[in-house]
Amino acid sequence: MKVDIERRIQQSAEDSARKIRDRLAARKVFAVNLISSPGSGKTTLIEAAIDALHGKKRVAVIEGDIETDIDAARIRKHGVQAHQINTRSSCHIQPFLLLSALDHIDLRATDLLFVENVGNLVCPAEVPLGEDLRIVALSVTEGDEKPLKYPLAFRTSGMLVITKTDLLPHVKFDPERVKTAARAVHPDIEIFEASAVTGSGLPAFLGRIEALCDRKNG
Amino acid sequence: MHELGIATDLLDIALAEAKKHGGRRILAVNLRIGVLRGIVPEHLLFLFGHVSKGTIAEDARLEVEEEPIRIECGSCGPSEAREFVLECPSCGRPCGGVGGGDSLRITSIDIDTD
C-alpha cells in the first residue's frame, strides 16, 4: 500500500529556525548568517565590522566551529558579546544549537547579531537559521569559479562579499567572472568587494548592512 | 555529514505515517531530491539503514527521484540540466533564468499492512 505524504524533510530544523526568528523579532535584532569555506576571512571581516560600527550598532557575535573557542575569544577583545558554539562532528550550525546559544547573548542589548557558521560551502547552505540575511564570503585566493561549483551557497545568500581584495595583484582571480557566475546562480545577489587589511570597500559593505539593520531595529 | 539529520527526519516522518495507516512494515521510502542539494543518495541510504535498525523501517528501500534544474532560454524555451550552467545547453546563449533543483521532500512510503 502506498501512502502519499508530500512533506518537506528537516521540519524539526525549520521549527527551531522559526523560534529563532521569533526571538530575534521580539528584540528587533538583525541577524546575519555568515558562511564561506574555511580561511576566507569571516572572523576578520566581523572584527572589522565591530570596530567600524562602534557607537552606531550594538554588535554581538555567535561563533561556530567544530572545536575550540579561539574565535569567540578573538571577538571578545573588541569589547562585544560573543558566544562560541562547538558543533563537534557536525559540519554546520544546526538551528537547535543556535537557539540555545541565544540564551548566552543579551538580545535586549543587541542591534546586530553576526552568526559565523562553520567554514564549509556545502552544508551551511542547506540549513536556514532564521537569519535576516545570509552573506557568503569568498576570498580572492579561492578561485573565481566557486559560485558554479557550490551554487546553493550563492543561491541562498542575499549578499556576496569578495574578501582579501588587497591580494588581487598576486593571484589569478577575476572579480568580474565571479560576479557573472554569482548572478547566473542568483540574479538578485548583492555583491561587495572588501579588504579588511586596507579597509578598501568596507564602508560600502558595512553601510549596506547598517541600512538593512536600521529597518529591523525600527 | 548533514545526511544524518535528514535520515533521522525521514525515519521519524515514515514511522509516524506508517503508524497512522496501520503499517506493519515499511517497504520503501520515496523521496524527491533536487540536484542542487548536494546530497549523496548512497550516503543517505547508509545512514538510513543505520538509524532505522530495530524499527519497522529496517531494510526499507530508499527510492530517490532526482529533481533537475529548470533552464529557461529565450530562443529554445525550457529545458533541464543536472548541474548549474551559464549558457543554454542547446544554443549556447546565456540562459534567461534557472530554477528548481532544490527540493528535499518525502513524497510517499510503501507499507505492508498485513
Side-chain angles (χ1 to χ4, degrees), chain A residues 1-17 35 66 87-97 117-118 120-129 144-157 176-189, chain B residues 1-14 16-40 44 63 69 71 81 83-87 94-114:
Chain A
M1 168 178 157
K2 189 175 279 297
V3 178
D4 286 327
I5 301 177
E6 278 300 339
R7 194 184 316 164
R8 287 205 306 279
I9 302 162
Q10 291 184 317
Q11 198 81 48
S12 58
E14 286 171 16
D15 290 345
S16 294
I35 69 172
I66 305 267
T87 59
R88 309 291 178 194
S89 65
S90 178
C91 49
H92 58 277
I93 296 180
Q94 288 157 301
F96 78 90
L97 283 175
N117 221 310
V118 178
N120 176 345
L121 266 183
V122 186
C123 313
E126 295 273 339
V127 184
L129 293 177
D144 46 24
E145 71 296 330
K146 284 289 181 293
L148 300 177
K149 288 186 173 174
Y150 302 91
L152 200 65
F154 294 83
R155 196 176 189 191
T156 62
S157 294
E176 293 313 311
R177 242 187 108 204
V178 172
K179 290 178 194 174
T180 305
R183 289 193 179 113
V185 172
H186 184 181
D188 299 327
I189 196 166
Chain B
M1 276 185 273
H2 54 295
E3 276 94 345
L4 182 57
I6 294 168
T8 320
D9 269 16
L10 267 186
L11 180 66
D12 290 346
I13 296 171
E17 289 292 328
K19 193 174 173 190
K20 219 190 292 176
H21 293 87
R24 296 169 60 89
R25 189 111 232 122
I26 299 175
L27 306 172
V29 178
N30 304 302
L31 312 168
R32 185 161 59 251
I33 301 181
V35 294
L36 288 179
R37 279 290 180 162
I39 288 166
V40 184
L44 187 58
E63 300 282 352
I69 301 162
I71 299 169
E83 51 193 48
F84 234 93
V85 287
L86 292 173
E87 290 95 20
C95 310
V98 286
D102 51 5
S103 283
L104 182 55
R105 299 180 76 87
I106 177 166
T107 51
S108 61
I109 53 172
D110 297 339
I111 56 172
D112 209 337
T113 52
D114 299 330

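Here is the naming used below: chain letters follow the sequence lines, and residue numbers restart at 1 for every chain.
- In this structure, the side chains of A/E126 and A/H92 stay at 4.5 Å or more apart for every pair of heavy atoms.
- Across all non-hydrogen atoms, the minimal contact from A/I189 to A/A182 is CG2-O, 4.0 Å.
- Counting heavy-atom pairs closer than 4.5 Å to chain A, the top-ranked of the candidates B/R37, B/K20, B/H21 is B/R37.
- No donor-acceptor distance shorter than 3.5 angstrom exists from the side chain of B/E63 to the backbone of B/A28, with no hydrogens or angles considered.
- Comparing B/L31, B/I111, B/D112 by heavy-atom pairs within less than 4.5 Å of chain A, the highest count is held by B/I111.
- When the candidates B/L10, B/I39, B/D9 are compared by the number of heavy-atom contacts under 4.5 Å with chain A, B/D9 comes out ahead.
- Per-residue counts of heavy-atom pairs under 4.5 Å with chain A were compared for B/L36, B/D110, B/I106; the largest is that of B/I106.
- Within the 4.5 angstrom heavy-atom criterion, no atom of B/D12 approaches chain A.
- Between A/E6 and B/R32 a salt bridge is recorded (basic side-chain N to carboxylate O distance below 4.0 Å).
- Looking at B/I69, there are no atoms closer than 4.5 Å to chain A (heavy atoms on both sides), in backbone or side chain.
- Side-chain contact between B/S108 and A/V3 is absent, with no heavy-atom pair separated by less than 4.5 Å.
- Here CD1 of B/I33 is found 6.0 Å from CD1 of A/I9. Values are rounded to the nearest 0.5 Å.
- For the set B/D102, B/L27, B/I13, B/N30, the entry with the most heavy-atom pairs within less than 4.5 Å of chain A is B/I13.
- Ranked by heavy-atom pairs under 4.5 Å with chain A, the first of B/G100, B/S103, B/G34 is B/G100.
- Of the listed residues (A/D4, A/N120, A/V122, A/I5), the one with the most heavy-atom contacts under 4.5 Å to chain B is A/I5.
- Of the listed residues A/R155, A/R8, A/Q94, the one with more heavy-atom pairs under 4.5 angstrom with chain B than any other is A/R155.
- How far CG of A/N117 is from OG1 of A/T87: 8.5 Å, rounded to the nearest 0.5 Å.
- With a 4.5 Å cut-off on non-hydrogen atoms, B/T113 touches chain A through its side chain but not through its backbone.
- Around atom CD of A/E145, more than 12 heavy atoms belonging to other residues, nucleotides or ligands sit under 6.0 Å away.
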